[in-house]
Amino acid sequence: MKPKVLLDKIGLWSATAVASIAIMFSMAPMNAKAEFKVPTEVTELGKDTYKKYCSPCHGEEGKGDGPLARSMLPKPRDFSRGAYKFRTTPSGSLPRDEDIYRTISFGVPNSTMIPWDVLTEEQRLSVIPVLKSFSEAFEVRKPDPPVEVGLMVRPTEKCIAEGKKIYEEKLECWKCHGIEGRGDGPSAAEQEDDFGFPIKPFDFTTGKFKGGSTPQEVYLRFTTGLNGTPMPSFAKELTDEERWCLTYYVMSLIKPEETKNK
Amino acid sequence: MSEFQVMRHIFFLSVLCGFLGWCGISSKILSAEQQYTEIEVIDGGNVIGNVKYTDDLAAVGLNLYRDWELSDTSKIPSEKLIFSKINNGIKNVTVSIKDITEGKKKVIPTIHPIIDQQNNIFIPHVVPILTGTTIDILHGDEGMHNIHTRSMKNQPFNLGTTYKQRISKKFDYPEIIRLSCDLHKYAYAWIVVFDNPYFDVTDRNGYFEICDIPPGTYKFQVWHEELGNLEKEVTVHPKETTSIEFVYSQN
């Protein structure tokens, strides 16, 4: 794909995702405002909301074993280990409240986890302490500070070529994600998550990134890794610029023609 | 989406769902943390011993090879159960004193123990350490690896690594932690973290030794990744060496 097309595409996404970024990046200052306050303790509202809307899948005790979970794949998250996939914090760290809020509000594409925007903001915020109360990890550890997202570089042809080189040679993403990014690399078939369930490396051609489809979000996914899954963090191996190039390359694997039918 | 639609969505899913078993989790938290006081051990005793298997190991029904698609003669033995043909001694069993509340000083090694990923396996396979110890995980191969742990109290990690990378990680809580590489499924190691300095791991003939134990009666515990736990009460006498044996059997 030509860089210009990619730029256009990214521009388009940014437009559609403006709302999401707005929420994601304004969470911190908004925290100061009263309405964005996450309750410090489990409240009645939180318990009720969880029981009514979340427990059918995530289970009464948050073990991901609700009555609907049985043959579902991917499984509803088991909250007991504190392993959250979509974070702004480094590998292995617990998520920040903002990260959890983002997932609840936007859902997880390609799974049964819908965007819970039918719930009020207050309800969505109130379940956060409930989710955390399911894991001992939140008693022992604190979330690390978020990783730094460096200044975005331009997706030039040279940069995308560098991204390709990282994908194919330096970090060998293809071993899991496949050369064309279809999630069918040689190691793909045997992947398992930390809970012992089979998991498929993401198919980039679909473009429906679970953790969000903006360049910032894609950048964050391989910088932080997806906790509880084989998807590692590559924070230690790449400079900031290399990471943007890898982001653009990964996004250039999206096949819009095919995505339409999916 | 209206609330009704949401509930319908959920109902629909419930109709779709069949039945599937629930899977366990592979990292266990060791017994609750204990008080441990450092004292000067003057008339300490030692315990030496051996861990072995009584029955015919072939009958255990374990596949002792890494499940690589190689012909029988060139298969590489798995590290999950290594035993000596001479005395049936089992390698890589950790031995520790479960209920000790006071004893010798906890010495955290200043030179970090190393786990090296070489030829797609982790060396050594079992690394017992004291809480507070930092381990250096090295990457000795040319290809990509990742190092992935599933611990709960100690912060887990999953990092992609390349040639010559060296990652230092500190472990602060007692826990049995599996370290693995998702690109080489049969590569894994165990980091076993203890909160007192009385532990060892058996050598290739199943031998171990634990020294300078204040006299008294203690519960000794052994752990092996496939064979599980065994416990034994042992009395340690001043300035004496007591010899004990742990025997795994099929029943």
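Numbers restart at 1 for each chain; the letters A, B, ... are given by sequence-line order, proteins then strands.
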field: Ser135(A) versus Phe79(A), closest heavy-atom pair with distance
entry: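 It is CB-O, 3.2 Å.
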Exercise. So which heavy atom on Ala69(A) is nearest to which on Lys75(A), and how close?
Worked result: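 Of all heavy-atom pairs spanning Ala69(A) and Lys75(A), the closest is O-NZ, 2.8 Å.
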_Walk me through whether Asp194(A) and Arg150(B) qualify under salt bridge (Lys or Arg N to Asp or Glu O under 4.0 Å)._
CA-CA 7 Å; Asp194(A) 286 8; Arg150(B) 295 155 179 78; 3.4 Å; yes
Portion of [X] that has a non-hydrogen atom of chain B nearer than 4.5 angstrom:
{"X": "Asp144(A)", "value": "side chain"}
{"X": "Ser93(A)", "value": "both"}
{"X": "Gln191(A)", "value": "side chain"}
{"X": "Ser91(A)", "value": "both"}

Check: Is there a donor-acceptor pair under 3.5 Å between the side chain of Arg124(A) and the backbone N or O of Val118(A)?
Finding: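 No; zero donor-acceptor contacts below 3.5 Å.
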* To do: Examine distances only and state if a side-chain atom of Lys106(B) and a backbone atom of Asp195(B) form a donor-acceptor pair shorter than 3.5 Å.
  =>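 Looks like yes, one N/O pair under 3.5 Å.
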Report task. Give me the one residue out of Phe86(A), Tyr219(A), Phe106(A), Phe202(A) that meets ring-ring contact (aromatic ring centres under 6.0 Å, His included) with Phe209(A). Result ->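 Considering Phe86(A), Tyr219(A), Phe106(A), Phe202(A), a ring-ring contact (aromatic ring centres under 6.0 Å, His included) with Phe209(A) is found only for Phe202(A).
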Discussion item. Which label fits Phe199(B) and Phe194(B): parallel for a plane angle under 30°, tilted from 30 to 60°, or perpendicular past 60°?
Written reply: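 Rings of Phe199(B) and Phe194(B): parallel, as their planes differ by under 30°.
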Item to check | Plane angle bin for Tyr248(B) and Tyr53(B) - parallel if under 30°, tilted between 30 and 60°, otherwise perpendicular | outcome: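 It falls in the parallel class, under 30°.
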Please determine, by modelled atom types, if Glu175(B) and Ser151(B) share a side-chain donor-acceptor pair under 3.5 angstrom.
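Not at all, the side chains of Glu175(B) and Ser151(B) share no donor-acceptor pair under 3.5 Å.
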Show, in sequence, the C-alpha distance, side-chain angles and deciding distance for Glu79(B) and Trp190(B), and conclude whether the side-chain contact (heavy atoms from CB on, under 4.5 Å) test is met.
CA-CA 11 Å; Glu79(B) 291 184 281; Trp190(B) 296 94; over 6 Å; no
**Q.** Heavy-atom pairs under 4.5 Å with chain B, option from Lys175(A), Arg141(A), Glu139(A) with the top count
**A.**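 So the answer, after comparing Lys175(A), Arg141(A), Glu139(A), is Arg141(A).
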Measuring heavy-atom distances to chain A, does [X] have an atom under 4.5 Å in its side chain, in its backbone, in both, or in neither?
{"X": "Thr161(B)", "value": "both"}
{"X": "Gln165(B)", "value": "side chain"}
{"X": "Ile147(B)", "value": "neither"}

Just checking heavy atoms, which of residues 124-141 of chain B are less than 4.5 Å from chain A?
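So far as heavy atoms go, nothing in residues 124-141 of chain B approaches chain A to under 4.5 Å.
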